[in-house]
Amino acid sequence: SKLNLETAQALRTLAQAARGVAASTVEPQAAAAMLDSACHVMEGSAMLIHEADQALVCPGDAESQQRLAQVAKAVSHSLNNCVNCLPGQKDVDMALRSIGEASKKLLVENLPPCSKSFQEAQTDLNHTAAELNHSAGDVVQSSRGSSNQLAVASGKFSQDFDEFLDAGIEMAGHTQSKDDQIQVIGNLKNISMASSKLLLAAKSLSVDPGAANAKNLLAAAARAVTESINQLITLCTQQAPGQKECDNALRELEAVRGMLDNPNEPVSDLSYFDCIESVMENSKVLGESMAGISQHCKMGNVPAFGDCVGVASKALCGLTEAAGQASYLVGVSDPNSQSGHQGLVDPIQFARANQAIQMACQNLVDPASSPSQVLSAATIVAKHTSALCNACRLASSKTANPVARRHFVQSAKEVANTTANLVKTIKALDGDFSDENRERCRVATTPLIEAVCNKITKEHCKLNCIKHISFQSQGSAAQEPILRSARSMLDSSTHLLETARSLILNPKDPPTWSILAGHSRTVSDSIKSLITSIRDKAPGQRECDQSIDSMNKSIRDIEQVSLAAVSQSLPRRDDISMEALQEQLTSAVQEIGHLIDPISTAARGEAAQLGHKVTQLASYFEPVIVASVGLASKHADHQQQMNILDQTKTLFESALQMLYAAKEGGGNPKASHTHDAIAEAAQLMKEAVDDIMVTLNEAASEGGMVGGMVESIWMTIFPNPLLISGDQGMTKSVTCPEELGGLASQVTVDYSQLAQQGRLAAATAESEEVGSQIKTRVQELGHSCIYLVQKAGALQMSPTDSFTKRELIEYARAVTEKVSMVLSALQAGNKGTQACITAASSVSGIIADLDTTIMFASAGTLNAENEESFADHRENILKTAKALVEDTKLLVSGAASSQDKLAQAAQSSAKTITQLTDVVKLGAASMGSEDPETQVVLINAIRDVAKALAELISATKCAAGKAADDPSMYQLKSAAKVMVTNVTSLLKTVKAVEDEATRGTRALEATIECIKQELTVFQSKDVPEKSTTPEEFIRMTKGITVATAKAVAAGNSAQQEDVISTANLSRKAISDMLTTCKQAAYHPEVGEDVRSKALLYGIECTTGYTDLLEHVLLVLQKPTAEQKQQLVALSKKVAGSVTELIQTAEAMKGSEWVDPEDPTVIAETELLGAAASIEAAAKKLEQLKPRAKPKQADESLDFEEQILEAAKSIAAATSALVKSASAAQRELVAQGKVGSIPANAVDDGQWSQGLISAARMVAAATSSLCEAANASVQGHASEEKLISSAKQVAASTAQLLVACKVKANQDSEAMRRLQAAGNAVKRASDNLVKAAQKAAFDKAEDNSVVVKTKFVGGIAQIIAAQEEMLRKERELEEARKKLAHIRQQQYKFLPSELREDQS
């Protein structure tokens, strides 16, 4: 019923319009025809409504549906007739029929005889072509005017077309060959078709001037007429010197003149500064070509004259195009202009494709077409139909209208199907050029043309909906100087070319030469004026100047307000609340912050947007001043006032710097010297915005004002740190309500970040359902955050309100729940990625387990649990490996498919690699521990597979959802190749592992492949996660030396067992070297030069070692003496690379380089470590309180561990010094300075062995220190024992250093470092003694003595104390005597050197 009412209303409007048209028509016949056609429409519409009601009553009745379709078609026909009765339409139809009748002259087989000479025919053709081209322009202009103007223009166009066609047929009669005549007739047919399309486009525009793309289609049709005429003239005009080039140039200038008539549409993709460059370049080219035209006219050089005319024409077209684009950019950059938007499809593309397809179809069905022409036409059809289908699919994805989307998709399908049918008939025609096949081809072109012309070109233009840019008076006024200069240039250029065309025929005509010179001056002046106008009207410059003036005024105002605040005379503003001022200032500052990046982008490369953005920025200056001054006046604290005003001034100053930088950049992408200044100014402005926002948020939080935060969250909702903030909100609401402001601000910031990432996640989600779910849950979370922030502000203002506190807790709990829901939605959208992460973790565990298994196998402890052989596991290994290959294929294909398939593939591959690892381990164990090297070969093979799978899973995770040309896809393919290679290597190893004659060779091949893969990883740009020391790097290089010697030995022996051992050792040595080399090279303290050298020498060493292994493999296959001799040369090359690596490692260390294997260096390191440990123990002891009762063993465990660590460090230092002492002792014995047998065998012998004895004393003292510390911690010993042990450590360390200095160079660097380390241990031990003494003293102070009050009891207590004192004094004296005796006995056997030193 609603549709019936709308139809009735439309018919009523149509009837009124028809009566109005009939009343205003002068001719009675036309009025009657209009009324009759309107009556037919009314009758047909009534019938249509009746049939529609019948169809609704019987929806399944096919007959009713058929009648309804027929009636609808009749109504459409009546409407077309009604439209054709409008004023002007009848004249256009008559013109179309006239063109059609005239075009029938082209269908005759034999042309009429020629009645004119060639020159006359040529002149007529040129004249009629110019008239027809001019008439086409009149049709374009009149289509925008009244119907009478269109009628006159269409009649004139049809008349000119008839004359042009006669002239063209006359010219075709003068052609020399039949082929040339066919080409001329074909061009005339093209002009006929283009002319008809021009009239149809003009007719459509006059009927509906506001129709989408009507103007563009009309302009395209006019250009098609001009291009067709040019093609014909170029073909026909070959005799007159220079005339063809001049005529073509004039037509081209006439065609581009229309670019200056519609400056509210873009002409090209050039930027404003590209337009300036284009004008400069083309003006230079035009000047040179104008000089060439004059010169060649004088010399009579016609070919060169034609070339200069063509160059001048191209330059003028380029100048016009640049001027039109520049005027458009000037208009669109005006802040008062309204922006437009593009349509769903490009109508010009559709029109061109339609014309190309129709012309190609004509060539297909033309009997005179050759096989090559048929194939060329078929190619054109396929190209343009494919482009149309792609455009339709793209448009369907852009539109939100379901009807339009369905229409685009259906049209694309129809074009594709009809094209496929046509291609089949073309193939048949190409095989047999018979009349039957050509007729089939003609029949197949009909539905394609209908689909392209009616379905796509017409209907889609209705759905396109382009909105053009609307310019205000300011923008149009700014365009006018550019357009005026460009039009003057075209007019004067046209006159110049016409004059040159006359001169080339008669070069000796002086008046014409003066005319040419005058036109040339006019052209030059016009171009100068054009260049000046374009430079003066650069977009954004005027707006930047205005904004800079406004900004300077604002800064002066802020300075005046600051002076008033300093003098405390700032008037308070009482007409508005502080919260309102705070929100106004926050909103304005946020808007300024949002404009920073757009202004920066526009200043660097978008000149058309610069004026808009700068004007928007300037509009916020006044609100910021008003709000900041008002807010400052509200604050009673003078410091807060100054903070707000100073930060506002800083913001304005940074904005002023930004405006100066933007004005300098001007949107010129080639002005790279200004880009750094723009980026710096943008960064300063962002920092100023952040500073003032922090101040405002802190002030709002302190006052409980959350309006700005709520507004921020609302803005975030509509264009997993939050969980922590929500939980803290529940806690703070109970404990510290005053801290809720900061938490509310944190919630706002966290939600903004979450929403930004949520938008990206929703946009990239695999399915619309998941994306919609993410978006919905993030929005729900935003609403909960708003309630939470509001309640936080309310509770902060009323901290004791229990009801608000309960509500805050509830909202905080709701936020936590919503966060969980967001997390679940995100996880649902990336099942495949999560599965890849899980699978990668599982594979990493498998690799670690295999490393452990390799250790057991190398130690010879990997045995089978039962009596089974490797053959029992071989088939299972092969079957599981093949299954892994299939999983690999699914994994690679899963990267380009859905997340569900990716998850399945990742889970399946992880499961299969686990199974394969288990069966390979069982197979290796079944081989027995008596052959550990072969076990290691087999386990290394499965480890390579697991490592390759881990890399493949990682690459798959990165490539999931990416385009086929994305770099991650290439990495995925590379990882897949490595995976297949390693699985193949595993299969070969499994098959050869029981063959004693080949398993060594197979192991060596696998090792070479593994080293190459390790080298590939080494050469990548990935920075290692951790770094290592040069000392560790040196240690790893020694493994290369050992492996090289073993490889040479294996090559000489050619034994499979040696080869297997070499393969296993080489794999580990090279891998360790490459890992530590890269880690050491990327140490933060290593320079770029040293890093590059280390990486280069690492590559050279690996490459040289690979060459050595490959040569060993060659020796195994062909064991000749010459081959074995080359092993030595290759090994020397590896040794040279190792030497360079060591030198590079020394360079990494710098001047402080030491040998990491030097026992003296190890001793120094360990003694310093011992000193640090003892220092820590001393500090711990100072913190301990005296024990009132025995403590448990675990109460002071940290103290005990520190003492034990000190003991371990001193023991390690002792071990290192023992090695040095042994070497020194052997040297002294060899020189006869020390005897090898103790002087007195029955004595203690502490110093009988010199240095070694001193080192042992340190070890004994350290052991005593450890025991004393342990006992002291457990409460079983006193501090006195700990003090004694520490003193003994210091004394024995000093004796050890004295022993080391005997017969040694006192000034050596090693001795100085050893002395410093020993002194550090001594100081640490002394500090430990002091701390222990202090602890004992504190304990003595805390011992409380209970004095008895009774007289007798008191005397007894005094006597007991005196007795204990005397006993202790006697024990002390005896202990001193005992110690002196021990020292005297020991002193007898000291070497003379030590006695002198100690004395």
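These numbers come from the heavy atoms of this one structure, side chains and all, not from hydrogens, waters or symmetry mates.
Judged as a side-chain contact (heavy atoms from CB on, under 4.5 Å), and not counting sequence neighbours, the contacts of Gln546 are Arg542. Here Ser672 pairs with His675 under the side-chain contact (heavy atoms from CB on, under 4.5 Å) rule; sequence neighbours left out. Applying the side-chain contact (heavy atoms from CB on, under 4.5 Å) rule to Ser633 yields the partners Leu570, Arg573; only residues at least two apart in sequence or on another chain are considered. Under the rule for a side-chain hydrogen bond (donor to acceptor under 3.5 Å, both in side chains), the partners of Arg572 that lie at least two apart in sequence or sit in another chain are Asp574. A search for side-chain hydrogen bond (donor to acceptor under 3.5 Å, both in side chains) contacts involving Gln609 returns nothing, not counting sequence neighbours. For Asp597, the side-chain hydrogen bond (donor to acceptor under 3.5 Å, both in side chains) partners are Lys686, not counting sequence neighbours.
Taking CE from Met280 and CD1 from Ile531, the interatomic distance works out to 4.5 Å, rounded to the nearest 0.5 Å. Rounding to the nearest 0.5 angstrom, the gap separating the CG atom in Asn668 from the NE2 atom in His673 is 8.5 Å. For the atom pair Thr615 OG1 and Lys613 NZ, the distance stands at 10.5 Å (nearest 0.5 Å). Taken from NE2 in His594 to CG in Leu617, the straight-line distance is 13.0 Å, to the nearest 0.5 Å. One finds the CE atom of Met693 at 5.0 Å from the OG1 atom of Thr586 (value rounded to the nearest 0.5 Å). Here Glu321 contributes atom CD and Ser278 contributes atom OG; the two are 7.0 Å apart, rounded to the nearest 0.5 Å.
Scanning all heavy atoms of the two residues, the minimum distance from Ala322 to Val279 falls at CB-CG2, 3.7 Å. Of all non-hydrogen atoms in Thr674 and Gly665, the two that sit nearest each other are OG1-CA, 3.5 Å.
Within the 3.5 Å criterion, the main-chain N or O of Leu645 finds no donor-acceptor partner in the side chain of Ser628. At distances below 3.5 Å, at least one donor-acceptor pair connects side-chain atoms of Thr650 with backbone N or O atoms of Asp646. Looking only at distances, a side-chain donor or acceptor of Ser619 sits under 3.5 Å from a matching main-chain atom of Gln616. Within the 3.5 Å criterion, the main-chain N or O of Ile596 finds no donor-acceptor partner in the side chain of Ser600. The closest donor-acceptor contact from the side chain of Ser327 to the backbone of Gly324 lies under 3.5 Å.
You'll find the side chain of Leu610 stays beyond 4.5 Å of the side chain of Glu543, heavy atoms only. The side-chain heavy atoms of Gln584 and Leu581, taken from C-beta on, include a pair separated by under 4.5 Å.
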Chi angles and distances behind the side-chain contact (heavy atoms from CB on, under 4.5 Å) call for Met685, Ile592: CA-CA 9 Å; Met685 195 171 175; Ile592 290 176; 3.5 Å; yes
Using side-chain contact (heavy atoms from CB on, under 4.5 Å), reason through Glu559 and Leu563 one step at a time and then give a plain yes or no. CA-CA 6 Å; Glu559 290 176 347; Leu563 292 175; 5.7 Å; no
Residue pair Asn643, Gln639: steps toward the side-chain hydrogen bond (donor to acceptor under 3.5 Å, both in side chains) verdict:
CA-CA 6 Å; Asn643 284 341; Gln639 185 62 39; 3.3 Å; yes
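Each of Thr648, Val629, Val566 was evaluated against Val561; a single residue qualifies, Val629, per the side-chain contact (heavy atoms from CB on, under 4.5 Å) test.
For the residue pair Asp545/Gln541, the side-chain donor-acceptor check at 3.5 Å is not satisfied.
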